[in-house]
Amino acid sequence: GFLFAEKCPAPPRTEFADVTAEVYALGTEMYYECDSGYDRRSGAHPGIKCKKELQGASWGYSGFKCIDQTMLLSTAPTVELEFTQKPAIKTRSPAPPKQEDLSEFAQKDFCGPPRTLPHASLKLKKHYYVGQELHFKCQSGYDKRLPTSGTSTCKKVNGSIVWTTLDVRCTNE
């Protein structure tokens with residue numbers, strides 16, 4: 001009965017705050033965007049979606065990669081060789097959260113953080129879905145007034161879908 005995943009309204013916006021999520025509700029779609037100076041390798045789709053699999057929820061990946069534009073332009077085989085042999089040490093993805101920390105419910109219907117890719121950033125595609133929890137944390141320099149962090153959860157209350165009130169004020173006063 002996943003067809004009826006309920007969309008959340010736009011999450012609360014807090015200026016000067018970074019928004020992160022530890023897990024993502026089923027149906028959530030995100031996409032990779034290459035950093036400037038990099039282009040996506042043709043053929044791979046930038047979008048990923050949190051889907052229900054037999055072993056629980058997981059992201060569907062398509063092998064998306066961001067490649068240095070100068071390498072795309074160059075046809076010299078030596079450049080290609082260098083590129084394939086370089087070990088990908090540049091970005092280490094954070095260790096996945098320990099499964100024990102998540103409740104039974106969370107494990108089955110939520111995806112963990114998506115893979116980080118070298119030279120790419122992740123963006124939300126359309127909506128969050130009911131059950132999504134977001135963490136807001138003031139960026140450094142704007143965390144002068146408490147509370148400097150908090151969470152907001154998308155819930156269904158009396159038939160309408162709302163984000164729980166967030167009490168975070170980020171200011172550099």
Side-chain angles (χ1 to χ4, degrees), residues 2 5-36 38 40 44-53 55-66 88-157 161-173:
F2 167 60
E6 293 171 290
K7 295 171 183 166
C8 299
R13 288 197 49 179
T14 300
E15 229 188 340
F16 312 122
D18 290 321
V19 184
T20 56
E22 276 158 31
V23 292
Y24 294 88
L26 276 175
T28 305
E29 291 179 67
M30 300 185 85
Y31 63 96
Y32 291 103
E33 209 168 67
C34 293
D35 299 342
S36 67
Y38 292 86
R40 70 189 185 113
H45 193 277
I48 58 172
K49 185 173 185 173
C50 178
K51 296 196 274 255
K52 207 179 186 81
E53 305 287 348
Q55 69 281 16
S58 67
W59 294 101
Y61 294 99
S62 68
F64 183 77
K65 268 196 180 77
C66 293
I89 295 170
K90 232 175 164 173
T91 50
R92 282 230 174 85
S93 51
K98 289 193 189 67
Q99 289 300 333
E100 308 88 80
D101 300 350
L102 303 174
S103 67
E104 252 320 270
F105 165 70
Q107 262 178 6
K108 290 199 176 61
D109 288 327
F110 289 87
C111 292
R115 255 182 235 153
T116 52
L117 293 183
H119 321 301
S121 57
L122 268 167
K123 308 237 186 310
L124 179 71
K125 201 163 190 176
K126 296 188 191 85
H127 318 275
Y128 287 115
Y129 292 89
V130 169
Q132 182 66 59
E133 184 179 81
L134 294 178
H135 303 264
F136 292 78
K137 186 175 189 300
C138 293
Q139 294 165 358
S140 69
Y142 294 98
D143 46 9
K144 304 284 184 279
R145 203 190 284 171
L146 290 166
T148 59
S149 65
T151 57
S152 181
T153 308
C154 179
K155 289 187 168 151
K156 194 164 190 176
V157 182
I161 298 170
V162 296
W163 288 93
T164 56
T165 314
L166 185 68
D167 185 26
V168 175
R169 287 181 203 81
C170 302
T171 170
N172 61 353
E173 281 157 23

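The chain is numbered in sequence order, starting from 1.
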As an exercise, state the distance from [atom1] of [X] to [atom2] of [Y], rounded to the nearest 0.5 Å.
X      : Y      : atom1 : atom2 : result
Thr151 : Glu133 : OG1   : CD    : 4.5 Å
Lys49  : Ser62  : NZ    : OG    : 14.5 Å
Lys52  : Ser58  : NZ    : OG    : 11.0 Å
Leu26  : Lys51  : CG    : NZ    : 11.0 Å
Phe136 : Arg13  : CZ    : CZ    : 10.5 Å
Lys65  : His119 : NZ    : NE2   : 11.0 Å

[X] (side chain) donor-acceptor with [Y] (main chain) under 3.5 angstrom:
X      : Y      : result
Gln132 : Lys155 : no
Thr164 : Thr153 : yes
Tyr24  : Met30  : no

query = Would Asp167 and Arg169 satisfy salt bridge (Lys or Arg N to Asp or Glu O under 4.0 Å), going step by step from the backbone distance to the final call?
reply = CA-CA 7 Å; Asp167 185 26; Arg169 287 181 203 81; 3.4 Å; yes
Please give me the minimum heavy-atom distance between [X] and [Y], naming the atom from each residue.
X      : Y      : answer
Ser152 : Pro12  : OG-CG, 3.7 Å
Arg40  : His45  : NH1-CA, 4.1 Å
Thr28  : Ala25  : OG1-O, 2.6 Å
Ala21  : Leu134 : CB-CD2, 3.9 Å
Leu122 : Ile48  : CD2-CD1, 4.1 Å
Ala120 : Cys66  : CB-SG, 3.7 Å

task = With the side chain counted from C-beta on, respond yes when Pro114 and Trp59 share a heavy-atom pair under 4.5 Å apart, and no when they do not.
result =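 Yes. Closest side-chain heavy atoms under 4.5 Å.
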inquiry  = A side-chain contact here means heavy atoms from C-beta on lying under 4.5 Å apart; do Tyr129 and Glu6 qualify?
reply    = no
Residues forming a ring pair (Phe, Tyr, Trp, His ring centres under 6.0 Å) with Phe16, sequence neighbours excluded =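 Ring pair (Phe, Tyr, Trp, His ring centres under 6.0 Å) check on Phe16 returns Tyr142.
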Residues that Phe64 engages under ring pair (Phe, Tyr, Trp, His ring centres under 6.0 Å), provided they are two or more places apart = Tyr32
inquiry  = If the test is side-chain hydrogen bond (donor to acceptor under 3.5 Å, both in side chains), which one of His135, Lys137, Gln139 qualifies with Asp18?
reply    = Gln139
request  = Check whether more than 12 heavy atoms from other residues, nucleotides or ligands sit under 6.0 Å from atom CD of Glu15, and answer yes or no.
outcome  = no
